[in-house]
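So the structure is just underneath, and the comments pick up after that.
Owing to the predicted nature of the structure, the values given are computational and were not obtained by experimental measurement.
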Amino acid sequence: MKKPDYHILVCNSFRVAGDAQGYCNKSGAVDMVQYLMEECDDRGLDVTVSTTGCLNVCSQGPIMVIHPNNLWYGGVTEERIDEILDALEEGSAVEDYLITD
């Protein structure tokens, strides 16, 4: 199996009990997954998109993580996805949206 160039994780706030209750889920992360997948496909990016359980940074959600770059983005919206993917194609990051310590 060929590994994709990127693996993008989108927090969907699933908890141990299985219920999606957190901020990311309530802020439209589910709808963003479809948009993200379509946008990656339109751009011809070799990407796998996955949803995750809670990533424990709810105060900065919705959260999106891009591997292998280890880029953690917060406050993700569809508009920001476009900017993030533009930067990814250029080999850079959108510093304003990165979650930092």
Side-chain angles (χ1 to χ4, degrees):
M1 174 184 140
K2 180 191 174 300
K3 293 180 187 175
D5 293 335
Y6 303 101
H7 187 186
I8 300 178
L9 309 174
V10 179
C11 180
N12 264 257
S13 311
F14 293 102
R15 306 299 171 112
V16 174
D19 297 326
Q21 325 173 22
Y23 184 82
C24 294
N25 184 273
K26 292 177 181 175
S27 297
V30 173
D31 295 330
M32 280 191 284
V33 170
Q34 183 67 34
Y35 180 79
L36 178 60
M37 291 173 70
E38 290 171 359
E39 193 61 29
C40 287
D41 188 52
D42 288 349
R43 294 167 181 253
L45 291 170
D46 184 17
V47 172
T48 295
V49 177
S50 301
T51 59
T52 72
C54 181
L55 293 173
N56 298 313
V57 281
C58 301
S59 64
Q60 298 185 54
I63 304 298
M64 184 172 86
V65 181
I66 301 176
H67 287 300
N69 308 53
N70 199 29
L71 299 171
W72 286 61
Y73 288 104
V76 177
T77 63
E78 286 186 5
E79 294 78 26
R80 288 184 174 185
I81 286 172
D82 291 334
E83 291 178 67
I84 291 166
L85 293 179
D86 288 345
L88 187 64
E89 288 178 308
E90 296 168 3
S92 62
V94 183
E95 299 290 330
D96 290 344
Y97 307 148
L98 289 174
I99 298 171
T100 57
D101 293 319

Side-chain touch [X]/[Y], heavy atoms, less than 4.5 angstrom:
X	Y	value
Thr52	Val65	no
Asn25	Val30	yes
Trp72	Asn70	yes

Using the test side-chain contact (heavy atoms from CB on, under 4.5 Å), find all partners of Glu38 that sit at least two apart in sequence or belong to another chain.
Gln34

Results of side-chain contact (heavy atoms from CB on, under 4.5 Å) for Ala93 - residues two or more places apart only
Leu71, Tyr73, Glu95, Leu98

State, to 0.1 Å, how close [X] and [Y] come at their nearest heavy-atom pair, and which atoms those are.
X	Y	answer
Glu89	Leu45	CG-CD2, 3.8 Å
Ile8	Met64	CG2-CG, 3.5 Å
Pro62	Ser27	CG-CB, 3.8 Å
Arg80	Gly74	NH1-O, 3.6 Å
Thr77	Met32	CA-SD, 3.8 Å
Cys11	Cys54	SG-CA, 3.8 Å

Is there a continuous path of hydrophobic side-chain contacts, each under 4.5 Å between heavy atoms, that joins [X] to [Y]?
X	Y	value
Leu9	Met37	no
Val94	Leu85	yes
Ile84	Ile99	no

When rounded to the nearest 0.5 angstrom, what distance separates CG in Asp86 from CD1 in Ile81?
12.0 Å

With rounding to the nearest 0.5 angstrom, report the CG to CG distance, Leu55 to Asn12.
9.5 Å

Result for side chain to side chain contact (heavy atoms under 4.5 Å, CB included) between Tyr6 and one of Thr48, Leu88, Asp46 points to Leu88

